Amino acid sequence: RPRVLSGIQPTAGSFHLGNYLGAVRQWVSLQETHDAFYMVVDLHAITIPQDPAELRANTRLAAAQLLAAGLDPDRCTLFVQSHVPEHAQLAWVMNCLTGFGEASRMTQFKDKSAKQGADRASVGLFTYPILQVADILLYQANEVPVGEDQRQHIELTRDLAERFNGRFGETFTVPSAYILKETAKIYDLQDPTVKMSKSASTPKGLINLLDDPKSTAKKVRSAVTDTDTVIRFDPEAKPGVSNLLSIYSTLTGTGVGELEEKYAGKGYGALKTDLAEVMVEFVTPFRERTQGYLDDPETLDSILAKGAEKARAVAAETLAEAYARVGFLPAK
Ligand code: TYM
C-alpha cells in the first residue's frame, strides 16, 4: 500500500470548513486505500505564542474532531507530533540542509511574520516548513493530502529529499502533494477572493465546524455573491457563487453541473437556503461526535498512545538511517 501522511494544527480550536473540505475529508477516504499517518502538529503550534493549558485542550480537541470526521484508529495511525521525538530530531538535520535564502522564500512565513511584526516572529516560525519536511520524510510518504496553501511546503520537501538523497545516497521517498482541484481552496464567505482562514477579517466569512449550527446557517444565508442572478460555476467572474457551489457539491456528492441545472432560473436565495440546510445536517452530528470523544478523554488518550507507538516504530527506523547517512557515530 502506498503511504500518506498529513497534519493539522491544534492552535485554533474548532476546525473550519476549509480544513475539512481541503484536507481532512481526503484523509478519511485515503485511509481505505493507503497506509495512512495523520497527526496533530503541536510542535508547529508553538511557532506563535501559545497558552499551555489551551494548547493541551486544543490538542485533544483536534484529535476528537479528526475521529468525529471519520478517521478510524483501526484503519490509520493517528498521533500527536510531540509524542514522536524523531520529528524534532530529523528537523535539525533538514535545517542544516536548507539554505537561508530558500527558507526566506516561503510565502506562509512572509505572511505570518508580517502579521506579527517581522522582528517579533520566532526563529521557529521561520523554520516551520523545515519541520514539516521532517514530518513527511520520516514516514517515507508517497502522498501528502493538503489544501493549496501547503503546496510550496511540499515542493520544499521534494527539494530537500532529493538533495539529501543526492548527497548521502537514496534514503527518502520523494513525496507528491495530493490536492483535489475542487476543494484545494475554500474561500471566505464574505470575501470570496481570499481563502477561508481563522484570520478572516470578519467572523461572518468563517465557518467553524463546532459553532452553533444556527449561526452557521445564518452565515451561509448571508454569504456574499454578486449582482448578477445566474447560478453558474465560474470562479473568475463569480467567485462567491462558485465557492458555494463547490461546497454544496462536495458535501452532497452532487456534481456542480447538476447543481447548475437544479438551480436554473432560481435565485441565489434558494441556493443559499438549501446549502444552509445541508451544512446544518453536516455540522450537527459532527459536533455531537466530537463531544462524545471529549467526554471520554481516557479512550482518546489511549488511541493517541497507540498511534504514537505505531508512528514511532516507522519514524525511528528512518531517523536511524538518516543519522547513519550523515555520518553520526552510532551510540553503542
Ligand atoms: P493547517 O493546520 O493550517 O491546515 C490543515 C489543512 O487544512 C487545509 N486548509 C484549507 N484547504 C482548503 N481551503 C482552505 N481555505 C483551507 N485552509 C486550510 C490546509 O492546506 C491543510 O492541509 N503546515 C500545515 C500542517 C502540517 C502538515 C505537516 C501538513 C504540519 N506538518 C505535514 C502536511 C504534512 C498547516 O499548518 O495546516
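Just so it is clear, the structure is predicted and the values come from calculations on it, not from any experiment.
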Atom pair CG/CD of L180 and E148 - distance to nearest 0.5 Å:
11.5 Å
Is it true that M94 and V326 fall in one hydrophobic cluster, defined by side-chain heavy atoms closer than 4.5 Å?
yes
Please report the closest heavy-atom contact between L294 and A64, naming both atoms and the distance.
CD2-CB, 3.8 Å
Just to verify, what does P175 make a side-chain contact (heavy atoms from CB on, under 4.5 Å) with, not counting sequence neighbours?
I136, L137, V144, T157, R158
If every non-hydrogen atom of K110 is compared with every non-hydrogen atom of S104, which pair is closest and at what distance?
CE-O, 3.3 Å
Those residues that, when tested against Y293, pass ring pair (Phe, Tyr, Trp, His ring centres under 6.0 Å) (two or more places apart)
none
P192 pairs by side-chain contact (heavy atoms from CB on, under 4.5 Å) with which of V224, T225, L244?
V224
Path from V93 to L156 over hydrophobic side-chain contacts below 4.5 Å:
yes
Looking only at heavy atoms, which two atoms of G267 and I231 are closest? And how far apart?
O-CD1, 3.5 Å
H153/F109 aromatic ring centres below 6.0 Å
no
Quick one: sort the H87 and Y139 rings into parallel, tilted or perpendicular, breaks at 30° and 60°.
tilted
Side chains of T202 and Q190, donor plus acceptor under 3.5 Å:
no
Answer yes if the side chains of Q31 and D72 hold a donor-acceptor pair under 3.5 Å, and no otherwise.
no
With side chains defined as the heavy atoms from C-beta onward, is the minimum distance between V133 and L97 less than 4.5 Å?
no
Do the side chain of N95 and the main chain of A91 share a donor and acceptor less than 3.5 angstrom apart?
yes
Return yes when atom CD of E298 has more than 12 non-hydrogen atoms of other residues, nucleotides or ligands closer than 6.0 Å, and no otherwise.
no
Between Y178 and N142, does any side-chain donor sit less than 3.5 Å from a side-chain acceptor?
no
Side chains of Q50 and N58 in contact at under 4.5 Å (non-hydrogen atoms)
no
Option among D226, T229, T273 that satisfies the side chain to side chain donor-acceptor pair (under 3.5 Å) test with Y268
D226
Is it true that, when you exclude Q291 itself, more than 12 heavy atoms of the residues, nucleotides or ligands shown sit nearer than 6.0 Å to its CD?
yes
Would you call the rings of Y128 and H44 parallel, tilted or perpendicular, where under 30° means parallel and over 60° means perpendicular?
tilted
Check: P10 and L61 side chains under 4.5 Å, non-hydrogen atoms:
no
Looking only at non-hydrogen atoms, find the nearest pair between T250 and S246 and report the distance.
OG1-O, 2.7 Å
Where the side chain of S249 meets the backbone of T254, is there a donor-acceptor pair that is under 3.5 Å apart?
yes
Applying side chain to side chain contact (heavy atoms under 4.5 Å, CB included) to K198 and T11, what does each step give before you reach the verdict?
CA-CA 10 Å; K198 290 280 178 178; T11 339; over 6 Å; no
Taking only Lys NZ, Arg NE, NH1 and NH2, and the carboxylate oxygens of Asp or Glu, determine whether E309 and R312 approach each other closer than 4.0 Å.
no
Any donor and acceptor pair, going by atom type alone, linking the side chain of R287 with main-chain N or O of L209 inside 3.5 Å?
no
State the OG-CE distance between S6 and M39, to the nearest 0.5 angstrom.
7.5 Å
Flag, side chain of R25 to backbone of L251, donor-acceptor distance under 3.5 Å:
no
Side chain of D51, backbone of E54: donor and acceptor closer than 3.5 Å?
yes
Report yes or no: does Q152 contribute a side-chain atom to a donor-acceptor pair with the main-chain N or O of R105 at less than 3.5 Å?
yes
Derivation and outcome, side chain to side chain contact (heavy atoms under 4.5 Å, CB included), residues D301 and R60
CA-CA 8 Å; D301 289 354; R60 274 213 187 96; 2.7 Å; yes
Kindly compute the distance separating CG (L17) from CD1 (I247), expressed to the nearest 0.5 Å.
5.0 Å
Is it true that the side chains of S82 and D42 contain a donor and an acceptor less than 3.5 Å apart?
yes
When rounded to the nearest 0.5 angstrom, what distance separates CG in D159 from OG1 in T98?
9.5 Å
With a 4.5 Å cut-off on side-chain heavy atoms, are T216 and V280 touching?
no
Grouping I, L, V, M, F, W and Y whenever their side-chain heavy atoms are under 4.5 Å apart, do I179 and V4 come out in a common cluster?
no
Close side-chain approach of E86 and T318, heavy atoms under 4.5 Å
no
Quick check: does any side chain N or O of K204 sit under 3.5 Å from a backbone N or O of L189, one acting as donor and the other as acceptor?
no
Check whether Q26 reaches the backbone of L21 with its side chain - one donor and one acceptor, N or O, closer than 3.5 Å.
yes
When you look at L138 and L5, which way does the side chain to side chain contact (heavy atoms under 4.5 Å, CB included) test go after all the steps?
CA-CA 10 Å; L138 271 179; L5 171 125; over 6 Å; no
May I ask whether F37 and L90 are part of the same hydrophobic cluster, defined by side-chain heavy atoms of I, L, V, M, F, W, Y residues being less than 4.5 angstrom apart, directly or through others?
yes
Same cluster or not: are V194 and L206 linked, directly or through other Ile, Leu, Val, Met, Phe, Trp or Tyr residues, by side-chain heavy atoms under 4.5 angstrom apart?
no
Decide, yes or no, whether a salt bridge links K262 with E258 under the criterion of side-chain N to carboxylate O below 4.0 Å.
no
A side-chain contact here means heavy atoms from C-beta on lying under 4.5 Å apart; do P73 and K306 qualify?
no
Could you walk me through whether E182 and V256 pass the side chain to side chain contact (heavy atoms under 4.5 Å, CB included) check?
CA-CA 10 Å; E182 311 79 61; V256 165; over 6 Å; no
side-chain contact (heavy atoms from CB on, under 4.5 Å) with I8: of F15, Y38, Y20, only one passes, and it is F15
Can you tell me how far the CZ atom of R221 sits from the CD atom of E277, to the nearest 0.5 Å?
9.5 Å
Which of R75, E143, R3 passes side chain to side chain donor-acceptor pair (under 3.5 Å) with H34? It is E143
For G307 and F79, the nearest pair of non-hydrogen atoms, with its separation, is C-CB, 3.7 Å
Using the ring of each side chain (for Trp, its six-membered ring), is F282 parallel, tilted or perpendicular to F286, with breaks at 30° and 60°?
parallel
Ring pair (Phe, Tyr, Trp, His ring centres under 6.0 Å) partners of F233, counting only residues at least two apart:
none
Are side-chain heavy atoms of Q132 and Q150 found at a separation under 4.5 Å?
yes
Determine, step by step, whether E102 and R163 satisfy the salt bridge (charged side-chain N to carboxylate O under 4.0 Å, His left out) criterion, reporting the C-alpha distance in whole Å, the side-chain angles of both residues, the deciding distance to 0.1 Å, and the verdict.
CA-CA 13 Å; E102 191 176 28; R163 191 171 308 158; 2.6 Å; yes
Locate the shortest heavy-atom distance separating M106 from P129; write the atom from each residue and the value.
CG-CG, 3.7 Å
Tell me whether the centres of the aromatic rings in F126 and F100 are closer together than 6.0 Å.
yes
What is the distance from atom OG1 of T284 to atom NZ of K214, rounded to the nearest 0.5 Å?
10.0 Å
